[in-house]
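Structure first, then comments.
Scope of the values below: all heavy atoms of this structure, side chains included, with no hydrogens, waters or symmetry mates. Predicted model, so just to flag it, every value in this text is computed and none were measured.
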Amino acid sequence: MSKITGTLVKMPASLAEPVAYQLALGEHRVELNALLGQPLTLGYTGNIYCDACGRKTSKSFAQGHCFPCMKKLARCDMCVMKPETCHYFEGTCREPEWGERHCMVPHIVYLANTSGLKVGITRASQVPTRWIDQGATQALPILRVATRQISGLVEVALAELVADKTNWRAMLKGDETPLDLKAEAARLLPEIQEKLAELVLRYGEEAITPLDEPVVGLSYPVLEYPKKIANHNFDKNPVVSGTLLGIKGQYLIFDSGVINLRKFTGYEVSLG
């Protein structure tokens, strides 16, 4: 393989058996599944470019942004991480048009099996991408809601009963026990019926729609899962090298350790 260089962005992935991944370096796209079992080297050049404006920055903020963009862009606001705090209706959204496209649109509340049972939310248009990014082996949409804020409020209610975070170390060990997500949904939803009724009363009958969807199973291109997790970090060591053993979530699994490529969005990296 000839060396290519570009700025990292989140690995594009498509639902297949197993999930099909590409490495995205600037304009370059490399089919990663075909490289399983081969030695690869990723080298960080020391340059970081903002994922939004493209300017060179000495430090990355909010997954790939320069400091000015982090302060002004809606995608970097705290409500992205905590959607229940959405302030669009207060007229204080940093970018109202962005909010209309990303937040004031239908969202899905789902259950997933990542490092165990968890609840999550995503834009309807991001199914199944969100599940792949989290390394879920099973996923089940349970509710369709009108906005991101409502999805966040539902997630908060469910998070009192079930995890809303993925244990990435456990996820990368690949030992998830299959779950009966339909049974879990039947157990959990009655527990939050009072909260759902409050939200419908507040936002209207169309705010929340129960779903009856099949469980989606996902498999990943992994030759061998690590027994012990060693974490590569470009900020500590600019060269990551080893035999590629797998891809799961947004992680590359090498025989020398794992690396979360999404964490280094905007870093200029060479592949050889």
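- Among residues at least two apart or in separate chains, there is no salt bridge (charged side-chain N to carboxylate O under 4.0 Å, His left out) pair with a member in residues 48-61.
- Inspection of the Asp77 and His87 side chains reveals an N or O donor paired with an N or O acceptor under 3.5 Å.
- Checked by atom type and distance alone, the side chain of Glu95 pairs as donor or acceptor with a backbone atom of Ala74 at under 3.5 Å.
- For Asn260 (side chain) and Tyr251 (main-chain N/O), no donor-acceptor pair under 3.5 Å exists by modelled atom type.
- Under the 4.5 Å side-chain heavy-atom criterion for Ile, Leu, Val, Met, Phe, Trp and Tyr, Val200 and Tyr203 are members of the same hydrophobic cluster.
- Inter-residue side-chain proximity for Leu35 and Leu40 is flagged as met; some heavy-atom pair is nearer than 4.5 Å.
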**Prompt:** Asp235 and Tyr267: side-chain hydrogen bond (donor to acceptor under 3.5 Å, both in side chains), yes or no, with the steps?
**Reply:** CA-CA 10 Å; Asp235 293 325; Tyr267 281 54; 2.8 Å; yes
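- With hydrogens and angles disregarded, a donor-acceptor distance shorter than 3.5 Å links the side chain of Arg94 to the backbone of Leu73.
- A donor-acceptor contact shorter than 3.5 Å links the side chain of Lys182 to the backbone of Glu213.
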**Request:** May I have the step-by-step check of side chain to side chain contact (heavy atoms under 4.5 Å, CB included) for Val80 and His102, ending in yes or no?
**Result:** CA-CA 10 Å; Val80 171; His102 292 84; over 6 Å; no
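- In summary, the side chains of Thr5 and Ser270 do not present any donor paired with an acceptor at a separation below 3.5 Å, with no hydrogens or angles considered.
- Residues Lys248 and Glu176 are paired through a salt bridge, judged by an N-O separation under 4.0 Å between the basic side chain and the carboxylate.
- For Asp212, the CG atom is loosely surrounded, since the number of other residues' heavy atoms within 6.0 Å does not exceed 12.
- Val127 places none of its side-chain heavy atoms less than 4.5 Å from the side chain of Val216.
- Applying the side-chain hydrogen bond (donor to acceptor under 3.5 Å, both in side chains) test to pairs two or more places apart or on separate chains, those with a residue in residues 162-172 are Thr114-Thr166.
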**Prompt:** Do His65 and Ser60 pass the side-chain hydrogen bond (donor to acceptor under 3.5 Å, both in side chains) test, and can you show the C-alpha distance, the side-chain angles, and the key distance before you say yes or no?
**Reply:** CA-CA 5 Å; His65 296 84; Ser60 174; over 6 Å; no
**Message:** Does Ser219 form a side-chain hydrogen bond (donor to acceptor under 3.5 Å, both in side chains) with Glu17? I'd like the steps, not just the answer.
**Reply:** CA-CA 6 Å; Ser219 64; Glu17 190 68 32; 2.8 Å; yes
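- The environment of CD in Glu205 is sparse: at most 12 heavy-atom neighbours from other residues, nucleotides or ligands sit within 6.0 Å.
- Formation of a donor-acceptor pair under 3.5 Å by the Thr137 side chain with backbone atoms of Asn113 is found in this model.
- Counted by atom type alone, Asp133 and Gln250 present one or more donor-acceptor pairs between their side chains at under 3.5 Å.
- Checked by atom type and distance alone, the side chain of Thr57 never pairs as donor or acceptor with a backbone atom of Tyr49 at under 3.5 Å.
- Under the 3.5 Å distance criterion, the side-chain polar atoms of Arg29 are matched with a main-chain donor or acceptor of Gly26.
- No donor-acceptor pair closer than 3.5 Å links the side chain of Gln63 to the backbone N or O of Thr265.
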**Asked** Are Glu100 and Tyr88 close enough, and set up right, to give a side-chain hydrogen bond (donor to acceptor under 3.5 Å, both in side chains), and what steps lead you there?
**Response** CA-CA 9 Å; Glu100 290 170 9; Tyr88 177 89; 3.0 Å; yes
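- With hydrogens and angles left out, the side-chain atoms of Thr122 and His107 include no donor and acceptor closer than 3.5 Å.
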